[in-house]
Amino acid sequence: MEWKYSPKSIEKKWQEYWERERLFEVREDSGREKYYLLEMFPYPSGRIHMGHVRNYSIGDVVARHLRMRGLNVLHPMGWDAFGMPAENAAIKAKTHPAKWTYDNIDYMRSQLKKLGFSYDWSREFATCDVSYYRWEQLFFLLMYRKGLAYKRSAYVNWCNTCQTVLANEQVEGGACWRCDQPVIQKQMEQWFFKITDYAEELLDYTYKLPGWPERVLTMQQNWIGKSFGSRLVFPLESGDGEITVFTTRADTLFGATFMSIAPEHPLVTKLCRGKSQESDVLQFIERAKQAKRSDREADLLEKEGIFTGSHCINPVTGLKIPVYVANFVLMEYGTGAVMAVPAHDQRDFEFAGKYGLPVKVVIQPVDAVDPPKAEELTAAFEEDGVLVNSDAFSGMTSGEARDAITAFLAEKGLGETTVQYRLRDWGISRQRYWGAPIPIIYCDRCGTVPVPEKDLPVVLPTDVALLASGASPLPVHEPFVNTVCPECGGPGRRETDTMDTFVESSWYFARFACPGHDTGPLDLSRVGYWMPVDQYIGGIEHAVLHLLYSRFFVKVLRDMGYLDVDEPFLNLLTQGMVIKDGAKMSKSKGNVVDPDEMIEAYGADTVRLFCLFASPPEKDLEWSEQGVEGSFRFLSRMWRLVAENREKLLKAVKYDGERRLPTHLLDLHRKTHQTIKKVTDDIGERFHFNTAIAAVMELVNHMYQILESPPGDDELWPVFREAVESMILLVSPIVPHIAEELWHSMGYTESVLLQPWPKWRSEALQSEEVLIVVQVNGRLRSRITVPADASADQVQRTALEDPRIREFISGKTPRKVVVVPNRLVNIVV
RNA sequence: GCGAGAGUGGCGGAACUGGUAGACGCACUGGACUUAGGAUCCAGCCCUGCUGGCAGGAUGGGGGUUCAAUUCCCCCCUCUCGCACCA
């Protein structure tokens, strides 16, 4: 055995050994308890970054630990391989996205292997493999059949830089989530998945996922945005038609003095037709539509509107009120029309002030004597209160009135209570090449025709010439586009949009359970064993996006009979970012640390150890080269402990806990068992790897302490051997290479992975004497040592007899004495 | 604006159900070994005072509950994240 720890000479050896022995490959085994551990799979961008290293190190500790605890652990890895960077890189480097992607996968796989992660590589796949995305096309067809996939013309988020459409979830603060450029609104024909059909269930289950972080659930709840309200009908003054609004404040209906509708509202052109203001209105609409979404969202856009020239009738007052087009009304939410109540809505209040519209107070605060006067209002009163100026409804509370007014209108067919969601359908069309083709054919005679299942897959052609603009080459790829209509046999044209790559990541976790299955997407006999994922680990950035889509998709697949679970991920751990010099590591900031260089300099174990030790997983991790060196130093200390004492350790027989020991060895024996308990709890229950590591460091320090003053004791080496072996087993999930090497150097021939996780004995945790803190009036004054089994009375007596304590009490009689067993005594005088 | 989370030494962070605040590591200081060490080992290391041992003050600030508060409650300040004209 080398005297010096040198990771280079051991890491590769053990990686090859694990692979040769197929130690990470698993099969379903109904006789064993399963555990499905998954980390978010990476996009093959070229190289692994520190965020990945951290994510996968956390997962690997859990996987290795639970294997030693006897569970049948599925721990797979694959590639989220479709996506735009491949296209952009291919254009730049004059290569093909497929080649670029698969080359990156090869390199990144080698990086992951160098880090020693315990993946079952036999299950690996990439989502751009035809054998994967073909099943996604089948899902699309089944969803199409059920009306869950549909096409419509809609105003959508368009990113000019990426030359494609984005889903609402993919627009962050009005900018593209990928390239950060402003997004504009564009009307296009688009395919949607009807996620809104599942809004209620998606929301419902956010209250049934105790293993998820509260804030992720809150974010999803906000995103779904359920609100209870009413749909109310305002007939047009002209008599031919009506405007329906959604409102959560039906109680304020008597105060609705005008109407605001969205520029995109279908009635707008009709309402201004033939009126004197027609051309002004049309101009206004054009301007409003062109406004960037980023401005609209950032509240930069001034609130503006224009009178359409038409009126509608307030259904309870019977008064005619003007209809305005307003740039802040969103067509996508509710009905695209808002009843404006300036006295009780701040936005309407400002709008009314600007255009000289009437303000009518209909709610007064509960404790007010008189209703406030409209002309004295400086701001809208938006809270609930008591109704005034509202005919028969006056005197009701807001809550009562919401129901009563809606019911009153419902009788006339002019209203109903309803539930409104903020969530909108998931737009999945992407005008890009490197994605899964949408299996649809357009025929002049038959219209939109789904590709028959027997004709799947629709293979993405590889013989394409990429366009420098980034626009998809598919529409101009004649052999792909031109096809035959499956219904009439006449000429047909293929859909050239591809699917959003979030579709692939919405079911990959299920496919890992049966990766080679080729007669269907999922083999329920195997998938049923492994699903759901017991623990999912990844970045918080997917709190809404990927994690919401996946939940939706699982419910759809369940309803199709492909899955028998309601939710994909039982427990979720969202790990923090890797930070350097106070900022997230990124190329543009120039603060990236390359994992390869770190592995080269310190070895994989050190890199893993540092990632786990520097902070708890859910917090951000500040990268520190000195911290990395500290981690390396600790591994060296462990190494030397074994290397320098190997002969003596090998000769000793592990202490069995039976014979009596001198105090200092009993201390070590106890420390060993305390450490086993602490590490087991920290890794297994709390995921606090940093404190688990700290505990092992304490044990190692303790061992060095004992070696400082060699007592020449016969019992030393047996007890030491117990401590050393425990140490090796406890760190093995964290730093597997050095653990494997040390384990074998202790004379074992079987992998450390196959050892049972060490157990602590509770009797070994007990010490004969305990230290008790003595306080007087809550201030620490002395420490006493008492037998562990001393009664409260005895402890109290000993404390009161303590000379220091007597001094502090100085003759006074204690008013009260609190005794906390094994902890402290507090004397109140 | 709304929602969530967080504020502890020079730094990263401990303290699981209220019970010795600062485990463990980094940095720093001193010493040992050494031709030398940026290797290793040992010791010190929150602040203030006489400086041995103590005493007092410290967990963003203020108040409260309690024998006892980093931990529970109220108010305020700061930071981070998410949502943001949602009717």
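Naming convention: chains lettered A, B, ... in sequence-line order (proteins, then strands); numbering from 1 in each chain.
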Enquirer: Could you check whether A/Asp251 pairs with A/Arg249 (Lys NZ or Arg NE/NH1/NH2 to Asp/Glu carboxylate O, under 4.0 Å)?
Expert: yes
Enquirer: Could you pick out which residue, A/Lys619 or A/Met697, lies toward the 5' side of RNA chain B when each is mapped onto its nearest nucleotide?
Expert: A/Lys619
Enquirer: With side chain to side chain donor-acceptor pair (under 3.5 Å) as the criterion, how do A/Arg287 and A/Asn327 come out once you've worked through the C-alpha distance, each side chain's angles and the decisive distance to 0.1 Å?
Expert: CA-CA 9 Å; A/Arg287 241 182 328 124; A/Asn327 63 352; over 6 Å; no
Enquirer: Describe the nucleic acid contact of A/Leu771 in one word from base, sugar-phosphate, nothing, applying a heavy-atom distance below 4.0 Å.
Expert: base
Enquirer: Evaluate ring-ring contact (aromatic ring centres under 6.0 Å, His included) for A/Phe502 paired with A/Trp426, printing each intermediate quantity in order.
Expert: CA-CA 10 Å; A/Phe502 279 104; A/Trp426 175 14; 7.5 Å; no
Enquirer: Base of B/C54, side chain of A/Arg804 - is there a donor-acceptor contact under 3.5 Å?
Expert: no
Enquirer: Anything under 30° is parallel, anything over 60° is perpendicular, the rest tilted; go ahead and classify A/Trp639 against A/Tyr5.
Expert: tilted
Enquirer: Please tell me which of the listed nucleotides, B/U20, B/A23, B/C86, lies nearest to the side chain of A/Leu780?
Expert: B/U20
Enquirer: On the nucleotide B/C24, are OP1 or OP2 found under 4.0 Å from the side-chain N or O atoms that A/Asn690 carries?
Expert: no
Enquirer: Please find the pair of heavy atoms, one from A/Thr308 and one from A/Val323, that lie closest to each other, and give the distance.
Expert: OG1-O, 2.8 Å
Enquirer: If you check every side-chain atom of A/Phe328, which of B/U20, B/C85, B/G13 has the closest atom?
Expert: B/C85
Enquirer: What contact category does A/Gln626 fall into here, base, sugar-phosphate, or nothing, at under 4.0 angstrom with non-hydrogen atoms?
Expert: sugar-phosphate
Enquirer: Under 4.0 Å: is that the gap between some side-chain N or O of A/Arg823 and OP1 or OP2 of B/G18?
Expert: no
Enquirer: Any idea which of B/U20, B/A87, B/G82 is nearest the A/Phe246 side chain?
Expert: B/A87
Enquirer: Going by a 90° cut-off around 0, is B/G9 syn or anti?
Expert: syn
Enquirer: Using the side-chain heavy atoms of A/Leu330, tell me which of these nucleotides is nearest: B/U40, B/G13, B/C86.
Expert: B/C86
Enquirer: What is the separation between atom CZ on A/Phe808 and atom P on B/C67, rounded to the nearest whole Å?
Expert: 21 Å
Enquirer: Rounded to whole angstrom, note down the P distance from B/C24 over to B/C41.
Expert: 15 Å
Enquirer: Salt-bridge test for A/Asp384 and A/Arg402: reply yes if a basic N is under 4.0 Å from a carboxylate O, no otherwise.
Expert: yes
Enquirer: Kindly say whether, by distance alone, the side chain of A/Arg783 makes a donor-acceptor pair under 3.5 Å with the base of B/U20?
Expert: yes
Enquirer: Once you apply a heavy-atom cut-off of 4.0 Å, does A/Asp682 come out as touching a base, just sugar-phosphate, or nothing?
Expert: nothing
Enquirer: What is the base-pairing partner of B/A15, counting Watson-Crick and G-U wobble geometry with both distances under 3.5 Å?
Expert: none
Enquirer: Counting just side-chain N and O atoms, does A/Arg779 come under 4.0 Å of either OP1 or OP2 of B/U20?
Expert: no
Enquirer: With a 4.0 Å cut-off on heavy atoms, is A/Val820 in touch with a base, just the backbone sugar-phosphate, or nothing at all?
Expert: base
Enquirer: In whole angstrom, what separates A/Leu217's CG from B/G5's P?
Expert: 12 Å
Enquirer: Under 4.0 angstrom, heavy atoms only, what part of the nucleic acid is A/Arg781 near: base, sugar-phosphate, or nothing?
Expert: sugar-phosphate
Enquirer: Within the structure shown, what part of the strands sits under 4.0 Å from A/Arg215 by heavy-atom distance: base, sugar-phosphate, or nothing?
Expert: sugar-phosphate
Enquirer: Answer yes or no for A/Arg640 and A/Trp3: cation-pi contact, defined as NZ/CZ to six-membered ring centre under 6.0 Å and angle to ring axis within 45°.
Expert: no
Enquirer: What's the CE-P distance between A/Met331 and B/C86, to the nearest Å?
Expert: 17 Å
Enquirer: Distance between the C1' atoms of B/C85 and B/C11, in whole angstroms?
Expert: 44 Å
Enquirer: Any strand is fair game: report the nucleotide pairing with B/A58 by Watson-Crick or G-U wobble, both distances under 3.5 Å, or none.
Expert: none
Enquirer: Any base atoms under 4.0 Å from A/Glu685, or only sugar-phosphate, or nothing? Heavy atoms, all strands.
Expert: nothing
Enquirer: For the side chain of A/Val818, starting at C-beta, report the closest nucleotide among B/A14, B/C42, B/C67.
Expert: B/C67
Enquirer: Using the P atom on both, measure B/C54 against B/A21 and round to a whole Å.
Expert: 15 Å
Enquirer: How many whole angstroms separate atom CD1 of A/Ile706 from atom C1' of B/C41?
Expert: 17 Å
Enquirer: Separation of A/Ile805 atom CD1 from B/U20 atom C1', in whole Å?
Expert: 13 Å
Enquirer: Sticking with atom P, work out how far B/U59 lies from B/C72, rounded to a whole angstrom.
Expert: 15 Å
Enquirer: Please report the distance separating the P of B/C46 from the corresponding atom of B/G22, rounded so that it comes out in whole Å.
Expert: 10 Å
Enquirer: Is there a Watson-Crick or G-U wobble partner for B/G9 with both distances under 3.5 Å, and which nucleotide is it?
Expert: none
Enquirer: How long is the line joining CZ of A/Arg686 and P of B/A15, in whole Å?
Expert: 5 Å
Enquirer: Counting the atoms with a prime plus P, OP1 and OP2 as sugar-phosphate, which does A/Thr218 contact under 4.0 Å by heavy atoms, base, sugar-phosphate, or nothing?
Expert: sugar-phosphate
Enquirer: Using purine N1 to pyrimidine N3 plus N6-O4 or O6-N4 for Watson-Crick, or N1-O2 and O6-N3 for G-U wobble, each under 3.5 Å, what pairs with B/U70?
Expert: none
Enquirer: Where the side chain of A/Ser227 is concerned, which of B/C41, B/A87, B/C83 is the nearest nucleotide?
Expert: B/A87
Enquirer: From the set B/A27, B/A84, B/A87, return the single nucleotide nearest to any side-chain atom of A/Thr248.
Expert: B/A87
Enquirer: So if I take every side-chain heavy atom of A/Phe613 and compare against B/G19, B/G12, B/A84, which nucleotide ends up nearest?
Expert: B/G12
Enquirer: What contact category does A/Gly630 fall into here, base, sugar-phosphate, or nothing, at under 4.0 angstrom with non-hydrogen atoms?
Expert: sugar-phosphate
Enquirer: Can you tell me whether the side chain of A/Lys816 and the base of B/C67 have a donor-acceptor pair closer than 3.5 Å?
Expert: no
Enquirer: Return the nucleotide paired to B/G3: Watson-Crick means purine N1 to pyrimidine N3 with N6-O4 or O6-N4, wobble means G-U with N1-O2 and O6-N3, both under 3.5 Å.
Expert: B/C81
Enquirer: Say you pick atom P in B/A15 and the same atom in B/G60; how far apart are they, in whole Å?
Expert: 16 Å
Enquirer: Over how many whole Å does the gap from A/Leu621 atom CG to B/C26 atom P extend?
Expert: 16 Å
Enquirer: Say you pick atom P in B/U71 and the same atom in B/U17; how far apart are they, in whole Å?
Expert: 13 Å
Enquirer: Would you classify A/Asp348 as touching base, sugar-phosphate or nothing, given that sugar-phosphate means primed atoms plus P, OP1 and OP2, and contacts are heavy atoms under 4.0 Å?
Expert: nothing
Enquirer: Within this structure, what is the NZ-to-P distance between A/Lys678 and B/C16, rounded to whole angstrom?
Expert: 9 Å
Enquirer: Would you kindly say whether A/Gln420 and A/Ser227 are connected by a side-chain donor-acceptor distance under 3.5 Å?
Expert: no
Enquirer: Could you measure between the two C1' atoms, the one in B/G44 and the one in B/G9, and give it in whole Å?
Expert: 15 Å
Enquirer: Tell me which of A/Asp681 and A/Ala694 sits closer to the 5' end of RNA chain B, going by the nucleotide each one is nearest to.
Expert: A/Asp681
Enquirer: For B/C67, does the base pair up with any side-chain atom of A/Asn826 as donor and acceptor (N or O, under 3.5 Å, distance only)?
Expert: yes
Enquirer: Testing the basics here: between A/Met259 and A/Ala337, what is the closest heavy-atom pair and its distance to 0.1 Å?
Expert: SD-CB, 4.4 Å
Enquirer: So, does A/Asn222 get its side chain near the phosphate of B/C86, meaning an N or O under 4.0 Å from OP1 or OP2?
Expert: no
Enquirer: Within the structure shown, what part of the strands sits under 4.0 Å from A/Arg422 by heavy-atom distance: base, sugar-phosphate, or nothing?
Expert: base
Enquirer: Parallel, tilted or perpendicular: which one describes the rings of A/His546 and A/His542, with boundaries at 30° and 60°?
Expert: perpendicular
